[in-house]
Amino acid sequence: LTFGADVTPEQLVAAGEELYNGAGGCTACHGLGTRAPNLLTDEAGTGPIGVRCAKRVPGQDCKQYLHASMVDPAAHVVPGYGPIMPDMRRTLSGTQIWAIVAYLQSQGGEVTVTAEDIAAAEAEGATTGTAAGGQAGSAAPAGASLDPLTIMRENQCLVCHKLGDEGGPLGPELTRIGARLDAD
């Protein structure tokens, strides 16, 4: 996903919507409002996320809050929900994250994401060699390891799935999964 300096809010919103509902995996938790807040509908009388985002953290506007929630999610856990959100930099590029932020802002609010935000994310990624440089991390394991447990950790599988003493309660338990599969 790449945009030029003349990217429009409509282009960002369209790309963000596609990611939110598809490869970004957002609806797995944010679609029902049970695991995480439903971002597209009213949440406890506060409106969709584009309306309520600027009111969540004093001193942060909507854009800052949404971006921080995606890259440092433990800092902004909504009361009543568990800290299950992974750092999205592990699976999405900086450009993809900003497109999702634009889409979420459009849900009842004003889109303020600009080409400058994307350029800064791409520059950061080029400097650090991270996924923020425009290369989505979801196409391959986050690191170079061939160890299955390391791959699962790096790709945040254990955010949802429990394996031994590690992991979360959202997805199916993977401990002894091989013993539970039918050989046929």
Side-chain angles (χ1 to χ4, degrees), residues 1-31 33 35-79 81 83-140 142 155-156 159:
L1 182 64
T2 59
F3 294 109
D6 59 346
V7 66
T8 67
E10 293 79 18
Q11 291 170 316
L12 289 168
V13 168
E17 180 178 17
E18 187 174 336
L19 285 162
Y20 184 89
N21 291 306
C26 307
T27 58
C29 293
H30 290 286
R35 295 178 180 167
N38 188 322
L39 301 177
L40 308 183
T41 62
D42 181 67
E43 173 78 19
T46 59
I49 191 62
V51 172
R52 65 184 190 256
C53 55
K55 302 170 191 162
R56 285 278 297 131
V57 177
Q60 284 189 346
D61 64 20
C62 181
K63 178 170 73 172
Q64 292 168 324
Y65 169 74
L66 291 172
H67 188 267
S69 293
M70 293 184 69
V71 301
D72 186 15
H76 302 300
V77 178
V78 175
Y81 297 99
I84 62 169
M85 174 91 173
D87 178 344
M88 297 309 296
R89 292 175 292 191
R90 301 293 300 259
T91 56
L92 298 175
S93 70
T95 301
Q96 290 172 317
I97 289 170
W98 281 116
I100 292 173
V101 169
Y103 172 64
L104 294 174
Q105 284 185 310
S106 78
Q107 304 304 301
E110 177 186 355
V111 177
T112 61
V113 176
T114 65
E116 288 81 26
D117 296 314
I118 293 167
E122 289 175 355
E124 178 186 327
T127 301
T128 62
T130 65
Q135 300 299 316
S138 58
N155 286 285
Q156 300 192 36
V159 169

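Position 1 is the first residue of the sequence, and the numbers go up from there.
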Ala54: side-chain contact (heavy atoms from CB on, under 4.5 Å) partners, not counting sequence neighbours: Cys62

Taking all non-hydrogen atoms of both residues, which atom of [X] and which atom of [Y] are closest, and how far apart?
X: Val51; Y: Thr46; result: CG1-O, 3.6 Å
X: Gly24; Y: Leu92; result: CA-CD2, 4.2 Å
X: Val13; Y: Ser106; result: CG1-OG, 3.7 Å

Who pairs with [X] by side-chain hydrogen bond (donor to acceptor under 3.5 Å, both in side chains), at least two apart in sequence or on another chain?
X: Asp42; answer: none
X: Glu43; answer: Tyr81
X: Thr112; answer: Gln105

Ala14 backbone acceptor or donor facing Glu17 side chain under 3.5 Å: no

Flag, side chain of His30 to backbone of Pro37, donor-acceptor distance under 3.5 Å: yes

Rounded to the nearest 0.5 Å, what's the gap from [atom1] on [X] to [atom2] on [Y]? Could you check?
X: Tyr20; Y: Gln107; atom1: OH; atom2: CD; value: 8.0 Å
X: Glu122; Y: Ser93; atom1: CD; atom2: OG; value: 7.5 Å
X: Thr114; Y: Ile118; atom1: OG1; atom2: CD1; value: 7.5 Å
X: Phe3; Y: Thr95; atom1: CZ; atom2: OG1; value: 7.5 Å
X: Leu104; Y: Leu39; atom1: CG; atom2: CG; value: 5.5 Å

Less than 3.5 Å apart, which donor and acceptor atoms pair up between the side chains of residues 69-76 and the rest of the protein, not counting sequence neighbours?
residue, atom, partner, partner atom, Å
Ser69, OG, Tyr65, O, 2.8

Residue pairs involving residues 48-66 (criterion salt bridge (Lys or Arg N to Asp or Glu O under 4.0 Å); sequence neighbours excluded): Lys63-Asp117

Do [X] and [Y] have side chains that get closer than 4.5 Å, going by heavy atoms?
X: Ile100; Y: Cys26; value: yes
X: Arg89; Y: Gln96; value: no
X: Tyr103; Y: Leu40; value: yes

Atom CD of Gln11: over 12 foreign heavy atoms under 6.0 Å: yes

Crowding at CD, Glu18 (>12 non-hydrogen neighbours, <6.0 Å): no

